[in-house]
Amino acid sequence: MTATPFDLDAYISRSQAVDIQAIAWDQVPAHPLSEDAVRALRYMQDIESHTIIYLRTLLDTRVIDDPEVATFLACWLYEETFHGIALARFVRSAGHPLDLRARSAMTVKQTVEARLTSWLAWAWPNFVAVHMVWGAINELTALTAYRRLSAVVDHPVLRDLLDRIARDESRHFYFYFKQAERRLGHAGTARVARTIVERFWGPVGSGVQPLSETRFLARYLFAGAEGRTAAQKVDATIRDLPGFAGIPLLEAWIDRTEPGVVNSDESWATARAAV
């Protein structure tokens, strides 16, 4: 059965910023937010705004030599940037401060990672396959996190905003997944890509936000039966890619860093009390 290709032209024609004018900003303060919800939103806003830094690393690789990928990344950056703008406005509209941090300077760790990524990209012609898999995992994780936040927080305006953002993330994921599916057709490429992902992948925001914040988000969004099911669905979807059957991803990361957190509602209460 032939996989359905990604229609890049259709994607480009629909690409646009989140319609900020359609959000009922004046109604945001009418529905209070918990401290945990604000903490999660600050994390998400920061990561969305960090997209341009992630792109900086990619621009120094052979990824941008692919016309389809380069065109997609231009739209992707535009849409993700407005996700950050919209989330920042929401947090402030809710009456909470949001300090936007400088992003021009890179840490030593980020500099080393960027150089290693660049070296690997030029040394291995099929590096773009790794980027497509990585992107698919991260976009699906982000999409799932937004849906979980919408379910956990009872706020109609936030739900509207997250639904709009989730539609973008869904299309982003589909592009990455279809690109990865095609590029992993060669067993050797799939084998190397899987090795790299297994060794180096971490949830969205790892290395950008402190580990304590990433662990908090895991506790907040993926605890209990519904959280575990959501994490399992992310992993099951990525395992459909060639060569990725059975790969440990989101659920394994949560179990490894926060043992028991996704196993029950009781463990969630205990973990939350420890934050």
Side-chain angles (χ1 to χ4, degrees), residues 8 11-12 14-20 23 40-92 97-122 127-128 130-143 145-146 161-162 164-176 179-180 200-211 213-214 217:
L8 185 61
Y11 170 75
I12 293 171
R14 293 194 301 270
S15 180
Q16 60 183 350
V18 171
D19 187 359
I20 293 178
I23 305 299
L41 284 164
R42 284 178 176 146
Y43 183 102
M44 292 172 165
Q45 189 281 330
D46 184 69
I47 300 310
E48 292 283 15
S49 299
H50 198 78
T51 300
I52 193 169
I53 306 302
Y54 180 55
L55 183 62
R56 177 171 66 183
T57 299
L58 290 177
L59 292 177
D60 196 30
T61 72
R62 65 174 73 234
V63 166
I64 61 171
D65 291 338
D66 186 298
E68 287 188 356
V69 175
T71 299
F72 166 79
L73 288 176
C75 297
W76 171 74
L77 174 62
Y78 179 68
E79 293 175 0
E80 297 282 7
T81 298
F82 271 87
H83 293 172
I85 291 172
L87 289 170
R89 181 167 176 178
F90 181 90
V91 173
R92 287 172 173 151
L98 184 67
D99 296 325
L100 303 182
R101 60 191 176 92
R103 300 181 186 275
S104 57
M106 297 177 69
T107 65
V108 173
K109 181 176 183 292
Q110 289 171 331
T111 300
V112 171
E113 288 178 348
R115 290 178 178 174
L116 287 175
T117 299
S118 179
W119 176 84
L120 177 61
W122 290 112
F127 169 80
V128 67
V130 175
H131 170 54
M132 293 299 106
V133 175
W134 206 283
I137 300 170
N138 283 355
E139 294 292 342
L140 182 57
T141 305
L143 169 61
Y146 283 129
L161 175 59
L162 295 181
R164 295 171 186 273
I165 292 176
R167 285 196 289 271
D168 288 345
E169 301 291 2
S170 179
R171 291 184 294 116
H172 298 169
F173 160 70
Y174 190 70
F175 174 84
Y176 280 118
Q179 286 280 333
F200 296 106
W201 180 83
V204 180
S206 300
V208 177
Q209 283 276 332
L211 178 59
E213 293 304 296
T214 308
L217 206 64

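Since the structure is predicted, the reported quantities are computational estimates derived from the model, not experimental observations.
- None of Asp66, Thr61, Val63 except one satisfies the side-chain contact (heavy atoms from CB on, under 4.5 Å) rule with His131; the exception is Val63.
- Residues Leu58 and Val69 form no side-chain contact, since every pair of their non-hydrogen atoms from C-beta on lies 4.5 Å or further apart.
- Ring geometry, Phe72 versus Tyr11: the interplanar angle falls from 30° to 60°, so the pair is classed tilted.
- The shortest heavy-atom contact between Val204 and Asn138 is CG2-O, 3.4 Å.
- Here the shortest heavy-atom pairing between Ser206 and Thr214 reads OG-CG2, 4.1 Å.
- Atom CH2 of residue Trp134 and atom CD of residue Glu139 lie 14.0 Å apart, to the nearest 0.5 angstrom.
- For the side-chain contact (heavy atoms from CB on, under 4.5 Å) test with Asp168, the passing option among Gln16, Glu80, Arg14, Glu79 is Glu79; the others fail.
- Between the side chain of Arg42 and the main chain of Pro97, a donor-acceptor pair closer than 3.5 Å is present.
- Between Gln209 and Leu217, the closest side-chain pair of non-hydrogen atoms is not below 4.5 Å.
- Taking CD1 from Ile47 and CD1 from Ile53, the interatomic distance works out to 11.5 Å, rounded to the nearest 0.5 Å.
- Side-chain atoms of Thr81 come within 3.5 Å of backbone N or O of Leu77 as a donor-acceptor pair.
- Thr51 has its side chain out of reach of Leu55: every pair of non-hydrogen atoms, C-beta onward, lies at least 4.5 Å apart.
- Panel note: side chain Ser49, backbone Asp46; no donor-acceptor pair is recorded below 3.5 Å.
- Of the possible donor and acceptor atoms, none in the side chain of Arg164 sits under 3.5 Å from a partner among the backbone N and O of Asp19.
- At a threshold of 4.5 Å between non-hydrogen side-chain atoms, the residues Gln45 and Leu98 count as touching.
- Looking at Ile85 and Val18, their side chains never come closer than 4.5 Å, going by heavy atoms from C-beta outward.
- With rounding to the nearest 0.5 angstrom, the CD atom of Glu48 is 11.5 Å from the CG atom of Leu41.
- Nearest heavy-atom pair, Phe82 versus Ala17, reported as atom, atom and distance to 0.1 Å: CG-CB, 3.4 Å.
- Annotation: the span from Cys75 atom SG to His172 atom NE2 amounts to 8.5 Å, rounded to 0.5 Å.
- Here the options are Tyr176, Phe173, Tyr174, the test is side-chain contact (heavy atoms from CB on, under 4.5 Å), and the partner is Leu140; only Phe173 passes.
- Annotation: side chain of Val128 is not in contact with side chain of Gln179 (no heavy-atom distance under 4.5 Å).
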